[in-house]
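Following: one structure in structure tokens, then a few remarks.
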Protein chains: 2
Amino acid sequence: MLGMLREPHSGYDIKKTFEKSLRSFWRAELSQIYPLLQKMEDEGLLTSKAGASEKGPTRRVYKRSAKGREQLQSWLLEGPVVGTERIGYLAQTYFLANLKDDDKAIEFMQDLRTYLSDWLASLEDAEDEWRANDPGYPDKLSDESFYPQLTLDMGLAKVRVGVEWCDRSIARIRDRQAKRNNA
Amino acid sequence: MLGMLREPHSGYDIKKTFEKSLRSFWRAELSQIYPLLQKMEDEGLLTSKAGASEKGPTRRVYKRSAKGREQLQSWLLEGPVVGTERIGYLAQTYFLANLKDDDKAIEFMQDLRTYLSDWLASLEDAEDEWRANDPGYPDKLSDESFYPQLTLDMGLAKVRVGVEWCDRSIARIRDRQAKRNNA
DNA sequence: CTGCACTATATAAATATTGACATAGATGGC
DNA sequence: GCCATCTATGTCAATATTTATATAGTGCAG
């Protein structure tokens, strides 16, 4: 949120940025965002201003303070935040033998493949749109666009690997199944 | 935890399994494990038995009940748990321009590369060890080993992609830096 | 003119998770 | 004898997060 609030934005705006651009690696609900904005303002990391909205109730926009900017920078200087990932579908995969039915396991992998390939398609769409609108894509992007593009690059690579892994896994489960039936 | 407790294990054992085998995609602290074991026993998902330990204080081992097994199966049948990933270093990457110093950003990426390549080495070691001890690796594994091996396969693929992405990103940041200095 | 979708903010209750702390036996090295 | 390390269990306080709920204005389609 400190990263997003270089320019003033409302909680609602922040939610939209999470959905649009950070979707692949971070999510947050409005019920988490609003109290946190207040807390961060209390701590002096943000300042806020109320203003009329074109549509709907009064907007309150927040912007980071000098202290907020410093806190963001020290977070970045602390080094990469690693080792906190929690990937539900891999935990499930680990225990898939408990289904006692290879067909159910294949179905699981096919569902996952569908999810990942939809995700890949949406990342590819985002890339196409970006390429169409920004003549500098991807090698002459502005400073503000360059690092976000790195995360898109990683998203594309990772999701492609995920789809390939699903295909490989389905083939391997089928192969075991066939061997079992021959034996 | 329901997946692990097909055979009786203590909270301490469960923690070790998280560290050894699920490290790449799930982590849990003892302070989360112990209360949860008690809660799950209260809910009738687990049964427990106290017994002497070879070293240290009394061990309490838990095993899943029929109800626990059913709950595990319905979790697996609900389909893949997706969309909950939260990857700290990508959130940082997105906002790296705030450092206002390409050298610091390169340092960030190099630190990340070091972390990921250490992780890759440990996964490769795990695979080598497995291959050395199990003549069926990877195509004739037992049911209990096959699905865990799928998660190792994914871990290897994903971390390799991560290392490549770091290398590519470092090169791209350097390239921008060089162009800026020429201009 | 009604209902739906979108903008917009917010709280309450429940749940999940971490980090710090407390306890204690066994074993081996210095 | 002492200290570190590993086994082993647990609590507490603080924090983080989700799900459900409430409110309300605007604009558009039917």
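A note on names: the letters A, B, ... follow the listed sequences, proteins ahead of strands, and every chain is numbered from 1. These figures come from a predicted structure and were not determined experimentally.
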Spacing of [X] atom [atom1] relative to [N] atom [atom2], expressed in whole Å:
{"X": "B:Met1", "N": "C:dT17", "atom1": "CE", "atom2": "P", "value": "11 Å"}
{"X": "A:Leu37", "N": "C:dT9", "atom1": "CG", "atom2": "C1'", "value": "11 Å"}
{"X": "B:Gln38", "N": "D:dT11", "atom1": "CD", "atom2": "C1'", "value": "10 Å"}
{"X": "B:Glu41", "N": "D:dT9", "atom1": "CD", "atom2": "P", "value": "13 Å"}
{"X": "A:Glu43", "N": "D:dA14", "atom1": "CD", "atom2": "C1'", "value": "14 Å"}
{"X": "B:Trp26", "N": "C:dA16", "atom1": "CH2", "atom2": "C1'", "value": "11 Å"}
{"X": "A:Ile33", "N": "C:dA8", "atom1": "CD1", "atom2": "C1'", "value": "12 Å"}
{"X": "A:His9", "N": "C:dT7", "atom1": "NE2", "atom2": "C1'", "value": "16 Å"}

What nucleic acid atoms does B:Leu30 come within less than 4.0 Å of, heavy atoms only: base, sugar-phosphate, or nothing?
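Since a base atom lies under 4.0 Å of B:Leu30, the category is base.
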Spatial distance of atom CZ (B:Phe108) from atom CD (A:Glu78) [nearest 0.5 Å]
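One gets 11.0 Å once the value is rounded to the nearest 0.5 Å.
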Check this one for me: any side-chain N or O of [X] less than 4.0 Å away from OP1 or OP2 of [N]?
{"X": "A:Gln32", "N": "D:dT17", "answer": "yes"}
{"X": "B:Arg59", "N": "D:dA8", "answer": "yes"}
{"X": "B:Ser10", "N": "D:dT9", "answer": "yes"}
{"X": "A:Arg27", "N": "D:dT18", "answer": "no"}

Charged N to carboxylate O under 4.0 angstrom, B:Arg27 versus A:Glu85?
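Not counted as a salt bridge, because no side-chain N and carboxylate O are separated by less than 4.0 Å.
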Residue closer to the 5' end of DNA chain D, B:Arg86 versus B:Arg60 (nearest nucleotide):
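Comparing both residues, the 5'-ward one is B:Arg60.
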Using a 4.0 Å cut-off on heavy atoms, which residues in residues 11-20 of chain B reach DNA chain D? List them by number, or say none.
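When residues 11-20 of chain B is checked for heavy atoms under 4.0 Å from DNA chain D, the hits, listed by number, are B:Gly11, B:Tyr12.
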Any side-chain donor near an acceptor of the partner, A:Thr114 and A:Asp111, under 3.5 Å
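Side chains of A:Thr114 and A:Asp111: no pair found under 3.5 Å.
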Between B:Asp13 and B:Ser10, is there a side-chain donor-acceptor contact under 3.5 Å, judged purely by atom types and distance?
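Looking only at side-chain atoms, B:Asp13 and B:Ser10 do form a donor-acceptor pair, the distance falling under 3.5 Å.
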So, for [X] and [Y], which heavy atoms are closest and what is the spacing to 0.1 Å?
{"X": "B:Met1", "Y": "B:Ile33", "value": "CE-O, 3.9 Å"}
{"X": "A:Tyr147", "Y": "B:Tyr94", "value": "CB-O, 3.9 Å"}
{"X": "B:Glu43", "Y": "B:Lys67", "value": "O-NZ, 2.9 Å"}

Compare the minimum distances between each of C:dA10, C:dA16, D:dG10 and the side chain of B:Lys39, then state the nucleotide with the smallest one.
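The closest nucleotide is C:dA16.
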Checking contacts here: which listed nucleotide (C:dT11, C:dA20, D:dG10) is nearest the side-chain heavy atoms of A:Ser31?
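Nearest nucleotide to the side chain: C:dT11.
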